[in-house]
Number of protein chains: 2
Amino acid sequence: MHVNPHSQSGSPRLLAILQQLRARGCRLTPQRVAILQAMLTNAEHPTAEQIHTRVKAQFPMTSLATVYNTLDLLKEMGALLEIELGHGSSRFDGVNPHPHPHLICTRCHTILDTDIPHLQTVTDVVSQTTGFMVTGYRFDIFGICPTCQTIG
Amino acid sequence: MHVNPHSQSGSPRLLAILQQLRARGCRLTPQRVAILQAMLTNAEHPTAEQIHTRVKAQFPMTSLATVYNTLDLLKEMGALLEIELGHGSSRFDGVNPHPHPHLICTRCHTILDTDIPHLQTVTDVVSQTTGFMVTGYRFDIFGICPTCQTIG
DNA sequence: TTTACTGCAAACGATTTGCAGTCCC
DNA sequence: GGGACTGCAAATCGTTTGCAGTAAA
């Protein structure tokens, strides 16, 4: 299999991450690039399985293990966020890799991004008052989404 | 095995939860009461395994499955909080079962309770602006605790 | 006596890992 | 050509479950 990433146009973000991968000495295998593209263009906070399904449409041989390996790599690079739920699969956010609050519907399991102003300030204050060196956070708000409320 | 919960003094909270269990038609087995007591007197956010170890000191036959079953029951009753971490075991908070932010040290895995004023107000605002019916939240702040910082 | 609960062991399911072969660079 | 990466299958591990026996009420 052979793919030349330069032959296809891509978003600045995609190109930047490909660049980062190259700088790391990582190979740009077709599977890897396809997984990355799938992550950057899916705002639904997909599971590894869902990414696998989507990538298999393009490269049928792709294994789930490779998806997991690649997601780990991208996570370590800071290119995506993993939302680890206790039960069921992790969900991934490749659209906004910076910590931000999520609204999680406990009925349909939809995850929505949301914005809470000054959250950075809040964690800064915690850092100062407790002596904790804050490196990140996760703020999940659970409830029932508007759609599920109307369904009943 | 036979234990009479009334023969021992207990905190008001312990007695209230025992009462709640009885009201539900649940049996007050020695294992169950011991697990509950262990949870109410351990502020270290223990794992199921750690609770199992502690309870086995008192009732050596106690199985880990019973610990899990009992923790599930207590969680469903709202008597404790489960902190589900993606990797490793869940941690449980039986001291403060109401949602509150946690400071999690990514080096020594200590979990500290903390207080952020007006967090309830924040989730209320999110509820109003998004139409989400908020039922709970989880706010984990990751970093390096003061002790681990001094160790280097 | 009734039946909820227990211990045990096997099952489960998401993720990781070992390995032999592949193919990007 | 070398070694990072792949697919596959087996291993891992926290947690759940089935079941026959036990004991709380």
Side-chain angles (χ1 to χ4, degrees), chain A residues 1-7 18-36 45-53 55-56 58-77 80 82-92 109, chain B residues 1-7 18-36 45-53 55-56 58-77 80 82-92 109:
Chain A
M1 275 189 279
H2 184 267
V3 162
N4 181 356
H6 297 285
S7 67
L18 291 176
Q19 184 59 42
Q20 236 181 299
L21 282 164
R22 231 179 271 114
R24 257 189 180 238
C26 292
R27 292 186 184 165
L28 301 187
T29 63
Q31 295 93 328
R32 202 167 260 179
V33 176
I35 292 164
L36 174 57
H45 306 85
T47 63
E49 198 87 49
Q50 287 168 332
I51 290 297
H52 184 219
T53 300
V55 169
K56 268 198 304 188
Q58 205 181 342
F59 299 105
M61 299 302 291
T62 309
S63 76
L64 186 53
T66 293
V67 174
Y68 275 110
N69 288 336
T70 302
L71 291 177
D72 275 356
L73 173 64
L74 294 173
K75 185 174 62 164
E76 208 205 326
M77 288 170 52
L80 56 81
E82 180 176 3
I83 307 167
E84 304 182 279
L85 307 169
H87 302 294
S89 314
S90 278
R91 308 278 290 264
F92 295 86
H109 306 109
Chain B
M1 277 190 279
H2 184 267
V3 161
N4 180 355
H6 298 286
S7 68
L18 290 176
Q19 184 60 42
Q20 234 182 302
L21 282 165
R22 230 180 270 113
R24 253 187 185 242
C26 291
R27 291 184 185 168
L28 302 187
T29 65
Q31 295 92 326
R32 202 167 259 180
V33 176
I35 291 164
L36 175 56
H45 306 85
T47 63
E49 198 87 49
Q50 287 168 331
I51 289 297
H52 185 220
T53 301
V55 169
K56 267 199 301 189
Q58 205 181 343
F59 300 106
M61 299 301 292
T62 309
S63 75
L64 185 55
T66 294
V67 173
Y68 275 109
N69 288 335
T70 303
L71 291 177
D72 275 356
L73 173 63
L74 293 173
K75 186 175 60 162
E76 209 204 327
M77 288 170 52
L80 56 80
E82 181 175 4
I83 307 166
E84 302 182 277
L85 307 168
H87 302 297
S89 314
S90 277
R91 307 278 290 264
F92 295 87
H109 305 109

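Proteins get letters first, then strands, A, B, ... in listed order; numbering begins at 1 in each. Quick caveat, the model's predicted, so the values are computed rather than measured.
- A straight line from CZ of A:Phe59 to P of C:dT22 spans 19 Å, rounded to a whole angstrom.
- Between the CZ atom of A:Phe92 and the C1' atom of C:dA14 there is a distance of 10 Å, rounded to whole Å.
- Straight-line distance from the CG atom of A:Leu28 to the P atom of D:dC5: 10 Å, rounded to whole Å.
- Remark: P of D:dC13 and CD of B:Glu84 are 20 Å apart, rounded to the nearest angstrom.
- Side chain of B:Arg32 to main chain of B:Arg27: a donor-acceptor pair is present (N/O by atom type, distance under 3.5 Å, no hydrogens or angles).
- Both A:Gly88 and B:Ser63 sit near DNA chain C, but only B:Ser63 has its closest nucleotide nearer the 5' end.
- Note on A:Ser90: every side-chain N or O is 4.0 Å or more away from OP1 and OP2 of C:dA14.
- Put simply, the side chain of B:Thr66 never gets that close to the backbone of B:Thr62: no donor and acceptor are under 3.5 Å apart.
- With hydrogens and angles disregarded, a donor-acceptor distance shorter than 3.5 Å links the side chain of B:Gln50 to the backbone of B:Thr47.
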Fill in: From CA spacing to verdict: side chain to side chain donor-acceptor pair (under 3.5 Å), B:Ser90, B:Glu82
CA-CA 7 Å; B:Ser90 277; B:Glu82 181 175 4; 2.6 Å; yes

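- Listed nucleotides: C:dG7, C:dT2, D:dT15. Nearest to the side chain of B:Arg27: C:dT2.
- The interatomic distance linking A:Leu73 (CG) with C:dT16 (C1') rounds to 15 Å, in whole Å.
- When the nearest nucleotides of DNA chain D are assigned to B:Ser89 and A:Val67 by heavy-atom distance, the more 5′-ward of the two goes with A:Val67.
- For B:Thr66, the listed nucleotide lying nearest its side chain is C:dT6; candidates were C:dC8, C:dT6, C:dT16.
- Straight-line distance from the NE2 atom of B:His52 to the P atom of D:dG14: 14 Å, rounded to whole Å.
- Out of C:dT15, D:dT15, D:dT6, the shortest distance to the side chain of A:Thr29 is found at D:dT6.
- Contact annotation for B:Thr62: backbone-only contact, meaning every heavy-atom pair under 4.0 Å involves sugar-phosphate atoms and none involves a base.
- Checking D:dT15, C:dT6, C:dC5 against the side-chain heavy atoms of B:Gln31 singles out C:dT6 as nearest.
- A:Ile83 places its CD1 atom 17 Å from the P atom of C:dA14, with the value rounded to the nearest Å.
- Nucleic acid contact for B:Asn69: base, since at least one base atom lies under 4.0 Å from a heavy atom of the residue.
- Taking atom NE2 of residue A:His87 and atom P of nucleotide C:dA14, one finds them 12 Å apart after rounding to whole Å.
- Distance from the side chain of A:Met61 is smallest to D:dG7 among D:dG7, D:dT15, C:dT16.
- Looking at heavy atoms from C-beta onward, B:Leu28 lies in side-chain contact with B:Leu18 at the 4.5 angstrom threshold.
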